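Remarks on the structure that follows.
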Number of protein chains: 2
Amino acid sequence: MSLQPLNTETAESLPPVQRAGRITDTVHEALREAIFAGQLKPGTKLSVPALAKQLGVSRSPVREAVARLAQENLAVEETRRGAVVARIGTADLARLYEIREVLEGLATRLAVEHSGKKLVTELEGILREHRQAIDDHSAAAHTRADMRFHQVIREASGNPGLIELLKGLQAQVRLAMVTTTVTAGPVLALADHHAIFEAIRKADPEAAEQAARAHIARLRHNLEGVAKRT
Amino acid sequence: MSLQPLNTETAESLPPVQRAGRITDTVHEALREAIFAGQLKPGTKLSVPALAKQLGVSRSPVREAVARLAQENLAVEETRRGAVVARIGTADLARLYEIREVLEGLATRLAVEHSGKKLVTELEGILREHRQAIDDHSAAAHTRADMRFHQVIREASGNPGLIELLKGLQAQVRLAMVTTTVTAGPVLALADHHAIFEAIRKADPEAAEQAARAHIARLRHNLEGVAKRT
DNA sequence: AGCGATAAATCTACATGTAGAATTTACATG
DNA sequence: CATGTAAATTCTACATGTAGATTTATCGCT
């Protein structure tokens, strides 16, 4: 039951390390990664029998994994017609940012209220890496640092449901990025993160919430400016 | 494939009307309703074979429906151990209200920004019914009017993801209410709704957002006051 | 070549089979 | 009567079977 990489007709390639846990989870993760990597592009049909064959597992866990993708809004199901990878355009992305704006604001405020200097230290490290990524002109490292910054903050919020929702939103944003290449630019992102960090360091919940909201609002406005022109 | 009611050993009872759509959807809806009605209480094991037998369908759609409940946080899955109906206590509920506070605020502001007088008219009708429910001392009618008030507003927000999230939160709140009987009281709820309505009628987005947030914040504070005493 | 009809292939949605894990039950022992 | 233990039962997670819907391929006709 070793999973084979997508788009490969040939034999085994993953190490024989028995992945722990349920096959369903492994398949779900594999499909998510394939989607984020652009291997399964928006619009692609997610044929359960085909994927099962490619991955070397039965149809059951694939069916479950695809259903999960649909509930995460990474795929769209039509009855009796199967699922396709979701297409998230700039208009949809703007709607997602509306939600993210208030939720990131909330998470940041809660993080300041509950968390100590461990958070500050961790964010300092991430910002350092972020700066390095930009100096190196590494888009991949920039994205990684960007995502980790938000991840660390939301996980410090102490609200499990909030963490889950923000994870879900980030996944959708990641999918949107496969198609839409609209960013405010790494340098601006880092500047925003620095502002958020400063408010956290000063343990000012209100300022932190506002800075986080302003960050996402800026992303959204940038997006809407471009969308109008398209 | 006519679904039989839960907790019944005897024969058919639902009308022979062929419910349209997928069996999975019907089962999912049936389980949700059974949970909200308190027929499936928090902690109850959701045995797939047992439910399949009771509902007169095969295990496949039941399995899918239970998986969905888990993703909605109405059930909790443990690997190799199946799912149980989720137990949402006052502490969890407070966390949900933290999220709801900012999302209801957002939805209300967006509703004011996008929507016209149709919204105002509809809310007026709901508030009239709500007042009636309270005069009649009908808890059921109060709950229905309360839920509809929030439903109409969120659907006027024009943000599909936001609508979905708020629906999910409301479902979890409904489940919590099966166990926890902590309310600020119907009269206060109606007063809050009136305040929200007034801001909407005046087409004041900021005031509407603040009123909606204050409403949920009040519910949360009331809850936390009780939780401390428990 | 373009187009409609029809046949073949494919897929979804549901039903059913089953190994191995987890739980429950039965029963012996102190 | 409590408690450990082994047998029996039940369940999850995955594999597989299949009717009927949908899609794709084929082919005749213009």
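Order of the sequence lines sets the chain letters (A, B, ...), proteins ahead of strands, with each chain counted from 1. All of these numbers come straight from a predicted model, not from anything done at the bench.
- One finds the CZ atom of A/Arg148 at 5.5 Å from the CD atom of A/Glu122 (value rounded to the nearest 0.5 Å).
- The phosphate of C/dT12 (OP1 or OP2) has no side-chain N or O of A/Thr79 nearer than 4.0 angstrom.
- Per the geometry, CD1 belonging to B/Ile23 stands 13 Å off C1' belonging to D/dA19, to the nearest Å.
- To the nearest angstrom, P of D/dA15 lies 15 Å from NZ of A/Lys53.
- If you check D/dA15, D/dG17, C/dC11 against the side chain of A/Arg59, the one that comes closest is D/dG17.
- Within the 3.5 Å criterion, the main-chain N or O of A/Val112 finds no donor-acceptor partner in the side chain of A/Ser115.
- Between A/Thr24 and D/dA13, a side-chain N or O to OP1/OP2 separation shorter than 4.0 Å is absent.
- Shown for residues 62-73 of chain B: residues whose heavy atoms fall under 4.0 angstrom of DNA chain D, namely B/Arg63.
- Projected onto DNA chain C by closest heavy-atom contact, B/Arg81 and A/Pro49 fall at different nucleotides, the more 5' of which corresponds to A/Pro49.
- When atom types are taken as modelled, the side chain of A/Thr26 and the backbone of A/Arg22 share a donor-acceptor pair closer than 3.5 angstrom.
- What separates CG of A/Leu46 from P of C/dA13 is a distance of 13 Å, to the nearest Å.
- Of the candidate nucleotides D/dT16, D/dT12, C/dT16, D/dT12 has the atom lying nearest to any side-chain atom of B/Arg80.
- The separation between B/Leu51 atom CG and D/dT10 atom P is 15 Å, rounded to whole Å.
- A 4.5 Å side-chain heavy-atom check between B/Leu162 and A/Arg95 finds every atom pair outside the cut-off.
- Closest to the side chain of B/Ser60, out of D/dT12, C/dT12, C/dT16, is C/dT16.
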(request) Run the numbers on A/Arg144 and A/Glu129 for salt bridge (charged side-chain N to carboxylate O under 4.0 Å, His left out), then give the verdict. (result) CA-CA 9 Å; A/Arg144 221 173 313 126; A/Glu129 287 174 33; over 6 Å; no
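- A parallel orientation is assigned to the rings of B/His150 and B/His215, their planes being inclined by less than 30° (bins at 30° and 60°).
- Residue B/Ser58 has no polar side-chain atom (N or O) positioned under 4.0 Å from OP1 or OP2 of C/dC14.
- Comparing A/Lys45 and A/Asp25 along DNA chain D, the residue whose closest nucleotide (by nearest heavy atom) sits nearer the 5' end is A/Asp25.
- Judged by distance alone, the side chain of B/Thr180 and the main-chain N or O of B/Met177 form no donor-acceptor pair under 3.5 Å.
- The interatomic distance linking B/Glu78 (CD) with C/dA21 (P) rounds to 17 Å, in whole Å.
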